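These notes concern the structure reproduced below.
Numbered from 1 within each chain, the chains take letters A, B, ... in sequence-line order. A quick note: this is a predicted structure, and the numbers were derived from the prediction, not measured.
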Amino acid sequence: MENSEIARIFLEISELLELKGENTFKIRAYQKAARSIEGLSLDLDQVYKEGGIKALKEIPGIGESLAEKIEEKITTGKVKKHQQLIRRFSPGFIELMDIPGLGPKTAMKLFKEEKINSIAKLKKAIKSGKIKDLPGIKDKKVQNISAGIKLKEKAKGRFLISEATEYAAAIVKKLEKMGPVKKIVPAGSLRRQKETIGDLDILVTSEKAEKITAGFADLALVSRVLAKGPTRSSAILKNNMQCDLRVVKPSEYGAALHYFTGSQQHAIAIRQLARTMGLKVSEYGVFKGKKRIAGRTEEEVFGALGLKYIPPELRENRGELEAAQNGKLPILVELEDIRGDLHCHSDRSDGSNTIAEMAAAGREMGYEYMAITDHSVSTRIAGGQTEKEFLKEMSAIEKLRTKGIKILKGVEVDILPDGSLDFRDFVLKEADVVIAAIHSRFKMSKKDMTKRILSAMDNKYVNIIAHPTGRLINERAPYEIDMEEIFRVAAQTGTFMELNSHPSRLDLNDTHCRQAARHKILVSINTDSHNIGGLANIRFGVSTARRGWLEKKDVLNSLPYAGLLKKLYQKRR
DNA sequence: GCCGTTTTCGGCCCGACTGTTTTCAGTCG
């Protein structure tokens, strides 16, 4: 987990430099480097081990100085500059800037004038009325800060994509009824289908902007209005999610949609590219001098910059501009490419529908096949089956096989701490597809955990490693594993990797997918459904695969039935 | 602090809204 650790340190340095009032471009350099590292699909540790400082400097946004800091972190465990900055302010100080509406300037003022260096002290100062004496801070500002503190205390962080999708749909429905609107589209990280969503951005085209922004602020879903202008409104919704609404003219739709879809890093890269061509890009269009040359559609905006259309899921400044320039953009996998689900549970273990009901729902979705993969004995909490029960289930499946959808006999076996499986080989042999997963002892060392998974992959019956990192978004960190090594051995043994589509998992994540594709490992996009309602989560898995640049050819369950079986049985030979 | 078919120095994305201001700084996305 060196990457996220270093990214966090760089972000903290940038925040502390901001407090210090450092050169804004230096601050941005740290932020840019942090983002770049977050999106990296290789371990910095590995990169450094193999190529030293020189290899680190090839990462975009990393130069001499930052490469040395990465080296310092890897070899000594810390970064001196980071430590010095933290010492200079107090550890609780950075969190002041997390309060919405309170930025570095105000934080510094509070510190200098009143020695406020934590949220606790700030609350005290507000109560005593002390901070109203400071220059530039009056009633309104104090009110905003108080509201910001409350909000921060209530906020659960980022929202799952499933929840954001629901709320966006609700807002869109309300706005549609409000009057003269032409288009309403959720933009922002939701349109890019990020695994978590910080806030909603909704874009509306209308000639009557003020009517829309005013009506939005009055919606019953809104609990507090943060800002309300003629073309933009911001509000906190009843579930504590922030929602920003922007209204633009139809002629500006493409440029606005592109800009509000982001990511910020992508938008910056686009604007930089425009500058080198003597153009200017803003949310109103592409301009040559004063003249607007594009903006009605996104295709027009990209076209004006000599780029092919870049799908929203790729817009993270992870090489998509170069790919669009060179005609090397991937043809991303689509929902329609998925021919079946290879990880589903029934009421034989912890699912709530029968095998027949699950199969019928799969057929309803147009699937060609579906694997029933109930738990094995060790996962007792999930009604895991004994070997005997499992064999009985397999014969039940045999009988159902003529229902218009191919049902594959499957099982989700446990990878025990020593790397062995809890079903014996002669039992596994009866399944068409064997999924192996870890459900216990999550806190083993990186070395032991990696070994545990590698030895499972060595078994010739194991086809797929399910939810490979075990993370639960907002709940449980991924376990420590050497992903690069796991992919290497997966390629060697002919083992596939799951992309679990559950919105709390999305595991593999987007950058792992890209890494897997580089190793030429097929990814199986599964839902891990425990009832028929769960099957629809496949959309989030496909989105994540798209964010990971996966094409149809990279996805195991885009294969037709015969091709799939061939792949599954290949390893047993 | 990064980076280079304008550059190894001198640039670095761009605009909306708020609050405290008589012309703009701060914050945000």
Sugar-phosphate only, base, or nothing, as touched by A/Ser234 at under 4.0 Å among non-hydrogen atoms: nothing
Nearest-nucleotide comparison on DNA chain B, the residue closer to the 5′ end among A/Thr231 and A/Ile137: A/Thr231
Length of the CG-C1' vector between A/Leu66 and B/dC3, whole Å: 13 Å
Interatomic distance, A/Leu273 CG vs B/dT5 C1' [rounded to whole Å]: 13 Å
Ion pair A/Lys69/A/Glu72, N-O distance below 4.0 Å: no
Whole-angstrom distance between B/dG15 and B/dT22, as gauged at atom C1': 23 Å
Separation of B/dT8 P from A/Lys57 NZ (nearest whole Å): 18 Å
Which nucleotide in B/dA16, B/dT18, B/dC13 has an atom nearest any side-chain atom of A/Gln272: B/dC13
N or O in side chain of A/Arg275 less than 4.0 angstrom from B/dC12 OP1/OP2: yes
Touch class at under 4.0 angstrom, heavy-atom based, for A/Lys69 against every strand present: sugar-phosphate
P spacing across the pair B/dG1 / B/dT5, given as an integer number of angstrom: 23 Å
Of A/Leu226 and A/Pro135, the one whose closest DNA chain B nucleotide lies more 5': A/Leu226
Sidechain N-carboxylate O distance under 4.0 Å for A/Arg246, A/Asp201: yes
Euclidean distance for C1', B/dG11 against B/dT7 (whole angstrom): 9 Å
Presence of A/Tyr284 side-chain N/O under 4.0 Å of B/dA16 phosphate oxygens OP1/OP2: yes
Selected nucleotide, minimal atom distance to A/Lys81 side chain, candidates B/dG1, B/dC13, B/dT20: B/dG1
Selection from B/dG19, B/dC2, B/dC14 that lies nearest to any side-chain heavy atom of A/Lys280: B/dC14
Rounded C1' spacing from B/dC12 to B/dT6 in Å: 15 Å
Nearest to side-chain heavy atoms of A/Phe25, which nucleotide of B/dG1, B/dT21, B/dA16: B/dG1
A/Ile70 CD1 to B/dG1 P, straight-line distance once rounded to whole Å: 13 Å
Salt-bridge contact A/Glu195-A/Arg547 (side-chain N to carboxylate O under 4.0 Å): no
Protein-nucleotide distance (A/Arg28, atom CZ; B/dC2, atom C1'), rounded to Å: 12 Å
For atom CD1 of A/Ile270 and atom P of B/dC13, their distance in whole Å: 14 Å
salt_bridge(A/Asp510, A/Arg192) N-O dist < 4.0 Å: no
Side-chain heavy-atom pair A/Leu160, A/Ser504 within 4.5 angstrom cut-off: yes
Sidechain-backbone polar pair: A/Glu300 side chain, A/Arg296 backbone, donor-acceptor under 3.5 Å: yes
Sugar-phosphate, base or nothing in reach of A/Asn23, heavy atoms under 4.0 Å: base
Pairwise C1' distance, B/dA16 and B/dG10 [rounded to whole Å]: 29 Å
Atom C1', compared across B/dC2 and B/dC13: separation rounded to whole Å: 16 Å
Whole angstrom value for the distance that separates C1' of B/dC12 from NZ of A/Lys26: 15 Å
Salt-bridge criterion met for A/Glu484 and A/Arg488 (N-O under 4.0 Å): no
Heavy-atom pair of closest approach, residues A/Leu200 and A/Ala164: CD2-O, 3.8 Å
With the criterion being N/O to N/O and under 3.5 Å, what pairs connect the protein with nucleotides 22-29 of chain B, and how long is each?
| unit_1 | atom_1 | unit_2 | atom_2 | d |
| --- | --- | --- | --- | --- |
| B/dT27 | OP1 | A/Gly103 | N | 2.8 |
| B/dT27 | OP1 | A/Gly103 | O | 3.3 |
| B/dT27 | OP1 | A/Thr106 | N | 3.1 |
| B/dT27 | OP1 | A/Thr106 | OG1 | 2.4 |
| B/dT27 | OP2 | A/Lys105 | N | 3.1 |
| B/dC28 | OP1 | A/Gly101 | N | 2.8 |
| B/dG29 | O3' | A/Arg246 | NH2 | 3.3 |
| B/dG29 | N2 | A/Tyr259 | OH | 2.5 |
| B/dG29 | N3 | A/Tyr259 | OH | 3.3 |

C1' atoms of B/dT23 and B/dT18, separation to the nearest Å: 15 Å
Atom-pair distance (NE2 on A/His258; C1' on B/dC14), nearest Å: 13 Å
Partner nucleotide, any strand, of B/dT8 [Watson-Crick/G-U, under 3.5 Å]: none
Distance between P atoms of B/dC9 and B/dC17 (Å, rounded): 42 Å
For A/Phe540 against A/Ser162, the heavy-atom pair lying closest together: CZ-CA, 3.8 Å
N/O (side chain, A/Lys138) to phosphate O (OP1/OP2, B/dT21) under 4.0 Å: yes
